[in-house]
Amino acid sequence: MKTPQDPPRNPSTRNPLQRRDILKTLGLGAAGAAAATMLPAGDEAQAMESPQEQVKARYRETEHVKRFYALNRL
């Protein structure tokens with residue numbers, strides 16, 4: 001009884017996604033990203049703060065902040 005053998009591999013029938021296709025895709029993606037950065041930007045959002053929020057203390061040196069500074073000294 002004969003067993004079917006694998007057909008000989010031909011180097012020209014490689015994976016359809018070859019190196020050139022990948023490089024083309026990467027190049028087109030980079031060009032698209034560069035073009036997207038040149039699009040006109042919309043209006044910037046402005047944060048609304050009440051006068052009380054503008055003068056309140058924002059930085060608090062708690063124990064975990066002190067520990068962080070102590071451990072990260074150069």
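Computed from a predicted model, the values in this text were never measured in an experiment.
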Asks: So, for Glu53 and Glu49, which heavy atoms are closest and what is the spacing to 0.1 Å?
Replies: OE1-CA, 3.5 Å
Asks: Is Tyr59 close to Glu61 at the side-chain level, that is, under 4.5 Å between some pair of heavy atoms?
Replies: yes
Asks: Assess whether atom CZ of Arg58 is packed by more than 12 heavy atoms of other residues, nucleotides or ligands within 6.0 Å.
Replies: yes
